[in-house]
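Below you'll find the structure, written out as structure tokens, and then a few comments.
Keep in mind it's a predicted model, so treat the numbers as computed, not measured. Protein chains get the first letters and strands the later ones, always in sequence-line order, with residue 1 at the start of each. Both backbone and side-chain heavy atoms feed into the values below; hydrogens, waters and symmetry mates do not.
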Protein chains: 2
Amino acid sequence: MQDEVLDVLRERSGPMSAYDVLGQLRQDKLNLAPPTIYRALSSLTNRGKVHRLESLNAFVACQYDDHEHAWIMSICDSCGAVNEIVSPELLNALSGVASESGFLSTRHVIEIYGQCAACRAIEAKA
Amino acid sequence: MQDEVLDVLRERSGPMSAYDVLGQLRQDKLNLAPPTIYRALSSLTNRGKVHRLESLNAFVACQYDDHEHAWIMSICDSCGAVNEIVSPELLNALSGVASESGFLSTRHVIEIYGQCAACRAIEAKA
DNA sequence: AAGCTTTCTGTTATAACATCACGTTAATGG
DNA sequence: CCATTAACGTGATGTTATAACAGAAAGCTT
């Protein structure tokens with residue numbers, strides 16, 4: 001089940017809600033229900049194969065198959081494209097800022113909204 | 001209505017869901033319905049009086065009454081306390097990292113999970 | 001004051017996201 | 001073979017958020 005969910009997410013460039021995934025997989029498997037999808041998504045996110053976009057209640061396949069890492073997501077307001085940014089320095093800086101008030105960080109949620117390079121180019125032409 | 005919602009959020013130190021707020025206010029005003037609360041919360045967040053915690057689907061009163069600013073939230077896994085961190089430098093750094101791939105940032109969602117100073121102190125004693 | 005617009009609120013219903021609780025099946029290993 | 005565990009199926013429910021439309025209050029214009 002995890003593999004099937006991951007395949008669906010990989011076929012799609014953008015984020016999908018759990019119910020989007022459910023809709024796709026129901027084309028083959030009728031009777032598929034939300035808990036099944038959520039279980040698979042939960043395992044996949046734990047394994048780092050899928051990331052959850054907290055501010056969208058949606059999921060995307062990880063762009064980097066091979067590694068353990070923390071991530072920063074950029075989300076284009078125009079086209080919805082999501083991109084994964086890896087920057088340990090920035091995450092360290094963030095932990096540093098938090099630690100100024102004695103806070104010990106364990107997990108970061110960073111989601112940046114704006115306009116991607118492609119959409120900026122289109123808009124510049126128009 | 002905005003004032004009443006804001007008062008409720010200020011009385012509470014931690015985050016509240018829209019329905020938590022609704023529950024509080026229903027003690028006085030029966031018949032209060034979700035859209036009323038969501039409208040008030042929407043105006044308050046637009047005005048910067050309230051911040052939304054995207055990863056919790058919850059809301060907190062802004063800790064800084066007086067100003068326009070972007071914010072970073074720290075959230076304690078142990079006690080649930082939320083703290084607002086202001087760091088324009090870090091936000092600039094974040095925009096900078098995103099711009100390396102041509103992305104133009106307009107809004108940042110930054111939520112850090114971990115353990116606050118108070119909870120760390122308690123744990124250290126034990 | 002009458003009529004108009006604007007803004008906020010009330011109300012019902014429903015959409016969208018997520019989990020609980022329990023039962024069944026299938027593989028694992030003693 | 002049987003106990004255990006892990007994954008999945010199933011139905012119901014819980015939680016978060018919005019759509020669509022109606023009504024009331026406040027301010028403006030004439």
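Note: B/Ile75 CD1 to B/Cys116 SG = 12.0 Å, rounded to the nearest 0.5 Å. Atom CD1 of B/Ile37 sits about 5.0 Å away from atom CG of B/Leu25, to the nearest 0.5 Å.
Here the side chain of A/Pro35 is nearest to one of C/dA18, D/dC8, D/dG11, namely D/dG11. Taking only side-chain atoms of A/Arg39, from C-beta outward, the nucleotide of C/dA21, C/dG10, D/dT18 with the closest atom is C/dA21. Closest to the side chain of B/Ser17, from the set C/dT11, D/dT16, C/dT9, is D/dT16. Among D/dA17, C/dC17, C/dT11, the nucleotide with an atom closest to any side-chain atom of B/Phe59 is D/dA17.
On a pure distance criterion of 3.5 Å, no polar donor-acceptor pair joins the side chain of B/Tyr38 and the base of D/dA19.
Put simply, B/Tyr19 rests on the base of D/dT16: the two rings are less than 5.5 Å apart at their centres and nearly parallel, under 30°.
Rounded to whole Å, atom C1' of D/dC8 lies 11 Å from atom CD1 of A/Ile37. As a whole-Å value, the separation of A/Leu22 CG from C/dT19 P is 14 Å. Across the protein-nucleic acid pair, B/Met1 atom CE and C/dT7 atom C1' stand 14 Å apart, rounded to whole Å. One atom, CG of B/Asp28, and another, C1' of C/dG10, lie 17 Å apart when rounded to the nearest Å. If you measure from atom CG of A/Leu56 to atom C1' of C/dC17, you get 13 Å, rounded to the nearest angstrom. One atom, CG of B/Leu30, and another, P of C/dG10, lie 12 Å apart when rounded to the nearest Å. Computed from coordinates, the A/Leu41 CG to D/dC8 P distance equals 12 Å when rounded to whole Å. Rounded to a whole Å, the CE atom of B/Met16 is 15 Å from the C1' atom of D/dT16.
Contact annotation: A/Arg52 side-chain N/O to C/dA18 OP1/OP2 distance is under 4.0 Å. The side chain of B/Thr36 places an N or O atom within less than 4.0 Å of a non-bridging phosphate oxygen (OP1 or OP2) of C/dG10.
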Starting from the C-alpha separation in whole Å, work towards a yes-or-no answer on side-chain contact (heavy atoms from CB on, under 4.5 Å) for A/Met1 and A/Thr36.
CA-CA 8 Å; A/Met1 183 55 50; A/Thr36 304; 3.8 Å; yes
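Between the side chains of A/Asn57 and A/Arg52, at least one donor-acceptor pair of N or O atoms lies under 3.5 Å.
Not one N or O on the side chain of B/Arg26 forms a donor-acceptor pair closer than 3.5 Å with the backbone of B/Asn31.
Comparing B/Asn31 and B/Asn57, the nucleotide of DNA chain C nearest to each residue sits closer to the 5' end for B/Asn31.
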